[in-house]
Amino acid sequence: MEDMPKTFDPQLVEPQLIQEWINAGVYQRNKGVGDCTVVIPPPNVTGILHMGHAMDDTIQDTFVRYNRMRGRSTRWILGTDHAGIATQTKVDKKLKSEGISRLAIGREKFLDACWDWTREYGGTIVNQIKRMGCSIDFSDPKFTMSDEYAHAVRTVFVKWYHDGLIYRGKRIVNWCPQCCTAISDDEAEYRDEKGHLWYMRYPLVNPVGSTTYITVATTRPETMLGDTGVAVSPSDDEKAPLVGARVMLPIVNREIEIFSDWHVEKGFGTGFVKVTPAHDPNDYAMGMTHNLEQINIFDEHAHVQPGYGEFSGMDRDECRAAIVRWFDEHGLLDHVEELNHSVMHCYRCDTALEPWLSEQWFVAVDKLKEPALKVVDDGDVVFHPQRWTQTYRTWMENLKDWCISRQLWWGHRIPVFYCTSCSWKDALPQDVDVCPQCGSAVVQDENVLDTWFSSQLWTFATQGWPLQTDELSQHHPTKVLVTARDIIALWVARMIMSSLYFTGDIPFHDVFIYATILAKDGSRMSKSKGNGVDPMELIQKYGADAMRYNLLTLITGNQDVKFDAVIDKKTKKLKESPRTEQARAFVTKIWNASRFVQMNLNGYIPGDPKVRTAEDAWMLSRLARMVVRATSQLEHYEFGDYARDIQTFFRNEVCDWYIELCKSRLLHGSAEETLEVQRNLVFVLDTSLRLMHPVMPHVTEKIWQSLPASALDDHSSSFLMVAPWPKSEQFEQFINDDAERDFELARTVISTARSTRARYRLSPKEQLDVYVKCDAAQLQVLNERRSFIQSVGFIKSLTVEEHLEKPAGCVAYVEGLLELYVHVGNLVDLAAEAKRLQQDIEQKQVELDKIAALVEQPAFLNKAKPEIIEQKKARMHELMSTIEKMRAALVQLQ
């Protein structure tokens, strides 16, 4: 038995244990009864760990470690995504800094540069995941651009193409002028911006009655160059006489017709809506219905195309200003209003996106979505929490064809080939050089596939598909997908559709959606805001176990959680995280309690636990219930409850009560008593370590390796992480309702005496007189436990009666069905204490009134930073709670 060091040093111990686990091969796939296969949502190959990753990976590792200890076949698959836009953007910047143009070196050399980049920087996030203690199989990493994976992607594309589910068409897409590629709706980030609503006059070709012009309102005057119609609402009777009339579009002198369409809401703006089919999704739909010309006025960089005179070559902002100026100079600018509106931005480069008509590849989803809806409705795939089922259902019911092409070089190139001479084209599983029809040269499509297209195959392509491998037959479907709500549509839905189509089965049985981690002020974490928390800084400061444990305790039924980290405004580095500090204190508590037990095991011989005292019966019963509860919580993905409950159990019941109560027998009992209590303590500690291991693997492993064998097993396992999980059925023998009830009554009396000393700043060993009013059954129990209560609680006299009036000089408490009175009259100057408490209340009330008045002022709410407002409100609620408690205490004193 190895002696435990005085302190637990996570920076020393955690990396050592991680390497030991990896060297022993315990992270790799193991066989067992039942399957628990999990795929990690593939992080970007060039990315670094952020708090969302840390939460996701902690949940997965907790679940995998638990299942591994349950003896189930576990396989946790590691992999990274090639991140088409992100990687290409970074490599582009690197080349530009070296004076190299991507276009100048060509596609092949640029792809070589991308591969060099991924080999140099691609391991960063994997090493960070490893440092967290994640027991993922690092020996078999997957990559969405590997040859095997590329083969699977190509197989899917070719199959869907020939089945009529993939087609090429001209559609409106979200175009990024900076990245020069299409962006999906789900990847666009919306941001509220200050803008304007310009009211512009379009002259009628022929007046209608006294009307010589109409006025349209628009937030984008620059797109009027591409207008091919003006729409009004069919229910707008006032505009009905103008339907069919034509206006002369200023600047370009194009005649366009006024028509009615249901897309236009009566009373919106002026009632007249300019229609630009090539630059707005709704306008595109109206244009298709009314056979309007589609005029794309911008090139791929969002500069005005040739043919528009002085406006040609201008970017969007320049063109907007010039158009407004032209309308003003020609007396056609009616007026301008300020307007706040939401603008889509590229999630990678932050450029405002342009709705742009272009030729793209699409997946037709009508045949795919119904089966994917059915497996969720039938309960084959279950969302946790359940409310996300409706989010999934709503998305699927309104699903539109999916744009899968991206105008990039880095990625899976679309395997469609075109003959340069004849009309032949086809999607092929292998590259070809010549046309099979005429023998001429062929060219391959220039586009690459959206990364979500390749990642939709993640659960089965990582296991060898399209080959029928042992891994695929044994580990698919996977058990659970742990992911964020943001990609239910982007990824979860598409994985279900593709897996059903290609494997004939669901990709996973369960989907666990974790809460979004927000900054302390409730805003989204981001680098640009400087409020992002680096998990590696948390690990460096507090250790991986503390960070992991804190993250799990944040999980509740709520949608979002605030992380309490304070970031230095100058350095943007972590200053502190009080909750993670508390988690570290819990890790220290586990270490110190375990070290005390280990230091008092001289003469220990393994054996079964035995009930000699009331506290033994209570502890073993409480331990058994914790085994049952923790098992159920982890089976049902109740990670937050699991983390919070094991802390309450181990800190409050094992450490603060049982170990303390065992000290007398441990240090001063007979040889027989000492051995019995040693066996009990080792058994309780061993079981507790197993229960806590999934979330805090390092500290529990290190302690367990220093602990002798308990009655759980012969300690033959080399590591705690592969030791058996406590079986609920084996612990049922210890459950004792009467022992728990009786002990809790005694504990309530003792705790009341302790809290009274703390409240009135008395010595912890000050002898107190305590009176208890209770029913007959409770009276009998307390009288039976009288000696124990008085000894442990330092209670001089204990009076227990069914009918009892409050004695003079006592403070009163109500705990459940008990009324307790603790005499403090001769120990505390009640009048002076009441006066001091009243002064404290008055001081805090003054502070509360000032803050309450401040947060009600509109000027403060409009000008102050959100984090300052949040701090003030939090302090206000804290003061209100404190004052309420202090007033209750004052009533007691009076």
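Computed over heavy atoms, backbone and side chain alike; hydrogens, waters and symmetry mates excluded.
- We find that D608 and R679 are not joined by a salt bridge, their nearest charged nitrogen and carboxylate oxygen being 4.0 Å or further apart.
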#### Entry: Evaluation steps, salt bridge (Lys or Arg N to Asp or Glu O under 4.0 Å), between R548 and D61
CA-CA 10 Å; R548 291 165 56 114; D61 191 50; 2.7 Å; yes

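- For the residue pair N652/W657, the side-chain donor-acceptor check at 3.5 Å is not satisfied.
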#### Entry: Check against side-chain contact (heavy atoms from CB on, under 4.5 Å), Q843 and I841
CA-CA 6 Å; Q843 289 175 358; I841 292 172; over 6 Å; no

#### Entry: Pair F788-F743, ring-ring contact (aromatic ring centres under 6.0 Å, His included): steps then yes or no
CA-CA 10 Å; F788 168 74; F743 189 84; 5.7 Å; yes

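- The environment of K663 atom NZ is dense: over 12 non-hydrogen atoms of other residues, nucleotides or ligands sit within 6.0 angstrom.
- Ion pairing between E635 and R70 holds under the 4.0 Å rule for side-chain N and carboxylate O.
- Side-chain N/O atoms of Q633 and D645 include a donor and acceptor closer than 3.5 Å.
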### Query
How far apart are the C-alpha atoms of L623 and E653, what are their side-chain angles, what is the distance that settles it, and do they pass the side-chain contact (heavy atoms from CB on, under 4.5 Å) test?
CA-CA 9 Å; L623 179 67; E653 299 182 356; over 6 Å; no

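- In summary, D656 and R747 do not engage in a salt bridge, as defined by a charged side-chain N under 4.0 Å from a carboxylate O.
- Minimum interatomic distance between P726 and T631 (heavy atoms only, all atoms of both residues): O-OG1, 4.3 Å.
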### Message
Using the rule given for ring-ring contact (aromatic ring centres under 6.0 Å, His included), can you reason through Y514 versus F639, listing the C-alpha separation, both sets of side-chain angles and the distance that settles it, and then say yes or no?
### Response
CA-CA 10 Å; Y514 57 83; F639 298 104; over 10 Å; no

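- At least one side-chain heavy atom of D616 sits less than 4.5 Å from a side-chain heavy atom of R665.
- Atom NZ of K589 has more than 12 heavy atoms from other residues, nucleotides or ligands within 6.0 Å.
- Checked by atom type and distance alone, the side chain of T700 pairs as donor or acceptor with a backbone atom of M696 at under 3.5 Å.
- There is a side-chain donor-acceptor pair under 3.5 Å between E819 and Y821.
- R741 meets the side chain to side chain contact (heavy atoms under 4.5 Å, CB included) test with D738; sequence neighbours excluded.
- Salt-bridge check for E801 with K773: failed, with every basic side-chain N at 4.0 Å or more from each acidic carboxylate O.
- At a cut-off of 3.5 Å, with distance as the only test, no side-chain donor of R887 or Q838 sits close to an acceptor on the other residue.
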### Query
For R625 and D737, what are the C-alpha separation, side-chain angles and deciding distance, and is it a salt bridge (Lys or Arg N to Asp or Glu O under 4.0 Å)?
CA-CA 11 Å; R625 292 191 192 278; D737 293 335; 2.3 Å; yes

### Task
Starting from the C-alpha separation in whole Å, work towards a yes-or-no answer on salt bridge (Lys or Arg N to Asp or Glu O under 4.0 Å) for R757 and E766.
CA-CA 8 Å; R757 295 187 189 93; E766 182 70 53; over 6 Å; no

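- Side-chain contact check for T748 and E815: no donor-acceptor pair (N or O, by modelled atom type) lies under 3.5 Å.
- Under 4.0 Å is where a charged nitrogen must lie from a carboxylate oxygen, and between K873 and E870 no such pair does.
- For the pair T799 and R786, the tightest heavy-atom approach, listed with the atom from each and the gap, is N-NH1, 4.5 Å.
- Heavy-atom neighbours of E805 CD from other residues, nucleotides or ligands within 6.0 Å: at or below the threshold of 12.
- Residue Q778 comes nearest to C774 through the heavy atom pair OE1-CB, 3.2 Å, listed as atom of the first residue, atom of the second, then distance.
- The cationic group of R690 does not satisfy the cation-pi geometry with W725, failing either the under 6.0 Å distance to the six-membered ring centre or the 45° limit from the ring axis.
- Under a 4.0 Å N-O distance rule, the pair E581/K541 does not qualify as a salt bridge.
- Heavy-atom neighbours of E884 CD from other residues, nucleotides or ligands within 6.0 Å: at or below the threshold of 12.
- Two rings, from Y642 and Y66, have their centers 6.0 Å or more apart.
- For N736 and S621, the side-chain atoms include no donor-acceptor pair closer than 3.5 Å.
- In plain terms, the two heavy atoms of R644 and L552 that are nearest each other are NH1-O, 4.4 Å.
- A salt bridge is defined here as a Lys NZ or Arg NE, NH1 or NH2 lying under 4.0 Å from an Asp or Glu carboxylate O, and R629 with E638 fails to meet this definition.
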### Message
With ring-ring contact (aromatic ring centres under 6.0 Å, His included) as the criterion, how do F650 and Y549 come out once you've worked through the C-alpha distance, each side chain's angles and the decisive distance to 0.1 Å?
### Response
CA-CA 14 Å; F650 192 78; Y549 175 75; over 10 Å; no

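- A donor and an acceptor atom, one from each side chain of S706 and D3, are nowhere located under 3.5 Å apart.
- Pairing each heavy atom of P10 with each of G543, the nearest pair is CB-CA, 3.8 Å.
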